[in-house]
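One-based numbering, in listed order, for ligands and for the atoms of each. Since we're looking at a predicted model, the values are computed, not measured.
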Amino acid sequence: MSSHAAALSPDIAAAPASDLLLAEILTGLTARQKYLYPKFFYDQHGSELFDRICELPEYYLTRIVQAILETHAPRFIRRLGPGIRLVEPGSGSSLKTRVLLDALVAPAVYVPVDISRSHLLAVAESLVTRYPCIEILPVCADFTLPFDLPDAALPIRQTVVFFPGSTIGNFDRDEAIALLRMMAQLAGHDGLVIVGADLRKSRAVLEAAYNDAAGVTAEFNLNLLARLNREYGADFDLDAFEHRAPWVEKDSRIEMHLVSRRAQRARIGGAEIVFEAGESIWTESCHKYDCDQFAAMAAAAGLDVREIWMDDEQRFSVQLLVVGEGNPHGEQDN
Ligand code: AVJ
């Protein structure tokens with residue numbers, strides 16, 4: 001780590017505590033339906049694999065969000081004027097953000113928030129070089145837990161929370177509402193929340209997007225076990241698990257699983273995890289919405305839909321949300 005990156009922000013040191021993560025991992029692996037949270041995908045290697053997923057021909061999401069943002073975001077962001085603080089939970093490589101950063105009127109602040117410390121640092125460093133007029137304040141945090149926004153040197157007029165990649169779809173309805181409420185609080189009075197929501201479409205298109213021919217999504221899924229082996233001294237046999245990602249119509253979601261090919265045991269953190277043949281670890285849900293359903297969720301979080309940006313074929317939506325009138329969360333300023 002270079003001293004340059006360290007100078008970006010002292011908050012970078014606040015990485016999530018690792019024994020807390022191990023406790024969460026063990027809770028998931030000892031549940032009746034075994035599960036692991038998708039946030040565990042994103043170590044350095046997992047973040048890189050995700051970037052490769054975004055380039056896959058079958059993975060339509062990233063390209064469409066990018067096109068939607070290129071069409072609508074620059075004018076919208078420029079109109080906001082100077083003094084904007086852009087906060088991005090789960091910023092990853094901040095690639096989708098560039099179209100916004102390019103349009104921000106200086107002075108402005110960008111707060112990328114990501115769980116992958118080394119990846120966040122590397123990205124933040126390159127942003128400092130690329131955007132000398134924007135104050136870059138990275139925060140290493142698990143955005144599903146409360147975190148503090150770092151103090152900016154510049155006066156801030158308005159906060160825009162940016163969550164474009166459809167990660168909201170990883171969460172169940174109640175969790176998604178809680179997350180939207182948290183974003184409303186971060187945005188504060190007069191704030192804006194921009195959320196990407198993938199739309200319901202045919203099984204064929206959806207299943208192809210999560211079962212790519214090159215096998216990158218399978219590798220991404222299996223990297224979760226590789227990571228447990230690397231970081232927690234676990235002994236999962238990667239060849240004994242298989243990637244599966246069916247569209248589950250009744251719950252309107254893709255479910256990603258790692259299915260045990262045979263009866264087996266694995267050790268992690270002093271515990272033994274027993275698998276029957278065909279038993280799975282549920283690693284991710286990717287919910288797909290229609291706009292009415294999404295608006296109802298936003299409303300439950302105290303947010304009103306002001307505008308929806310979509311591609312011509314209505315495959316993906318970017319929702320512009322404002323803190324609703326009379327919502328108590330609107331009064332909480334950050
Ligand atoms: C990063 C959560 C938006 O749900 O499409 C991609 C993650 N998983 N392929 C998604 C993912 C498998 C992605 N999000």
- Does Ser166 come within less than 4.0 angstrom of ligand 1, counting non-hydrogen atoms of the residue?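 Yes, Ser166 has a heavy atom closer than 4.0 Å to ligand 1.
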- May I have the step-by-step check of side chain to side chain donor-acceptor pair (under 3.5 Å) for Arg117 and Gln44, ending in yes or no? CA-CA 8 Å; Arg117 191 170 191 278; Gln44 177 76 28; over 6 Å; no
- Parallel under 30°, tilted from 30 to 60°, perpendicular over 60°: which one fits the rings of Trp309 and His72?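 Because their plane-to-plane angle is under 30°, the rings of Trp309 and His72 count as parallel.
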- Query: Between Trp282 and His257, what is the ring plane arrangement, given parallel below 30°, perpendicular above 60°, and tilted in between?
  - Reply: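 Taking His257 first and then Trp282, their aromatic rings lie parallel (interplane angle under 30°).
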Test your reading of the model: is there a side-chain donor-acceptor pair from [X] to the backbone of [Y], 3.5 Å cut-off?
X      : Y      : answer
Asp142 : Thr144 : yes
Asp114 : Ser116 : yes
Ser166 : Gly169 : no
Glu125 : Ala122 : no

Which ligand 1 atoms, with their elements, are less than 4.0 angstrom from a heavy-atom of [X]?
X      : answer
Tyr59  : 3 (C), 5 (O), 6 (C), 9 (N), 10 (C), 13 (C)
Phe220 : 8 (N)
Asn170 : 2 (C), 4 (O)
Thr167 : 1 (C), 2 (C), 3 (C)
Phe50  : 1 (C), 6 (C), 7 (C), 13 (C)
Cys286 : 4 (O)

- Who's the nearest protein heavy-atom neighbour of atom 3 (C) of ligand 1, and how far?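 Answer, as residue, atom name and distance: Gly165 O, 2.9 Å.
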- Query: Of all the non-hydrogen atoms in the protein, which one sits nearest to atom 7 (C) of ligand 1, and at what distance?
  - Reply: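 Of the protein heavy atoms, Glu284 OE2, 3.3 Å lies nearest.
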- How does Phe41 reach ligand 1, if at all, at less than 4.0 Å between non-hydrogen atoms: by side chain, backbone, both, or neither?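 The answer is neither.
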- Query: Under 4.0 Å from ligand 1, counting heavy atoms only, is it the side chain of Tyr42, its backbone, both or neither?
  - Reply: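 Near ligand 1, Tyr42 shows its side chain, while the N, CA, C and O stay back.
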- Is Arg261 atom CZ crowded by more than 12 heavy atoms from other residues, nucleotides or ligands, each under 6.0 Å away?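 Yes, because the 6.0 Å sphere around CZ of Arg261 holds more than 12 heavy atoms from other groups.
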